[in-house]
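Report on the structure given below.
The model shown is predicted, which means the values in this text are computed figures rather than measured ones. Values below: every heavy atom of this structure, side chains too, minus hydrogens, waters and symmetry copies.
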Amino acid sequence: MTSAPIQTSRDWLGSVHTSVLAWWLPKAAILAGLFFPVSFRAVIWIIALIWMGAACILNARRCNRTHCRYTGPYYLAMIVPVTVLGAGLITVGIVGWFWLGVMILGGSWLIWWATERTWGTFS
């Protein structure tokens, strides 16, 4: 007997409102953060990454959504390069920040695609 209907009903990605609040608003904030000074941008990105990482980890615990088990830690790990750039330990221009944003958002998409293609939506 499968528990897929129960998992689906508990999946935050199945709710438009929750999905927007948990992931799409922080992603929009990351994109909007590109237009702010570096220190403010780093704060926006760190808050967004904590928010999305926590949402993924909580969602994985709620419904066993496969990709959330990997994207949650990934988002939290991405705080390290954002902090390094935001603190000025490595100086990059807006292009460097843009590519970091592409790595963050594109990487999470790649994790989603690869893990759910390999192990299914819920595992």
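Residues meeting the side-chain contact (heavy atoms from CB on, under 4.5 Å) test with Pro81, sequence neighbours left out: Met78, Leu100. In this structure Ser15 satisfies the side chain to side chain donor-acceptor pair (under 3.5 Å) test together with Thr18, sequence neighbours excluded. Contacts of Phe40 classified as ring pair (Phe, Tyr, Trp, His ring centres under 6.0 Å), with partners at least two apart in sequence or in another chain: Phe36. Remark: Ala42 pairs with Val82, Trp97 by the side-chain contact (heavy atoms from CB on, under 4.5 Å) rule, at least two apart or across chains. Shown here are the side-chain contact (heavy atoms from CB on, under 4.5 Å) partners of Thr115, two or more places apart in sequence or in another chain: Thr66, His67, Tyr70, Ile111, Trp119. Residues forming a side-chain contact (heavy atoms from CB on, under 4.5 Å) with Ile47 (at least two apart in sequence, or on another chain): Val43. For Asn64, there are no side chain to side chain donor-acceptor pair (under 3.5 Å) partners, not counting sequence neighbours. Applying the side chain to side chain donor-acceptor pair (under 3.5 Å) rule to Arg69 yields the partners Ser123; only residues at least two apart in sequence or on another chain are considered.
Residues Val38 and Leu34 share a single hydrophobic cluster, defined by chaining ILVMFWY side chains whose heavy atoms lie under 4.5 Å apart. Put simply, Phe98 and Val92 are part of the same group of oily side chains (I, L, V, M, F, W, Y) that touch within less than 4.5 Å, one to the next. Both Ile46 and Val84 are part of a single hydrophobic cluster, where members link through side-chain heavy atoms under 4.5 Å apart. Met103 and Ile44 fall within a single hydrophobic cluster, where Ile, Leu, Val, Met, Phe, Trp and Tyr side chains are chained together by heavy-atom contacts under 4.5 Å. Linking Ile, Leu, Val, Met, Phe, Trp and Tyr whenever their side-chain heavy atoms come within less than 4.5 Å leaves Trp24 and Leu13 in two separate clusters.
Expressed to the nearest 0.5 Å, how far CG of Leu49 lies from SG of Cys56 amounts to 10.5 Å. For the atom pair Thr71 OG1 and Leu76 CG, the distance stands at 9.5 Å (nearest 0.5 Å).
Residue pairs meeting the salt bridge (Lys or Arg N to Asp or Glu O under 4.0 Å) criterion with at least one partner in residues 81-107, sequence neighbours excluded, do not occur; the list is empty. Residue pairs that meet the side-chain hydrogen bond (donor to acceptor under 3.5 Å, both in side chains) test with at least one member in residues 37-53, sequence neighbours left out, do not exist here. Among residue pairs with one or both ends in residues 102-122, those qualifying as salt bridge (Lys or Arg N to Asp or Glu O under 4.0 Å) are Arg65-Glu116; sequence neighbours excluded. The side-chain hydrogen bond (donor to acceptor under 3.5 Å, both in side chains) analysis of residues 73-95, with sequence neighbours excluded, yields the pairs Tyr75-Ser108.
Counting only heavy atoms from C-beta outward, the side chains of Trp23 and Asn59 approach each other to under 4.5 Å. Using a 4.5 Å cut-off on side-chain heavy atoms (C-beta onward), Ile104 and Val102 make no contact. Side-chain contact between Ile79 and Ile50: present, with at least one pair of heavy atoms (C-beta onward) separated by less than 4.5 Å.
Side-chain atoms of Asp11 never come within 3.5 Å of backbone atoms of Cys63 as a donor-acceptor pair (strictly under, hydrogens ignored).
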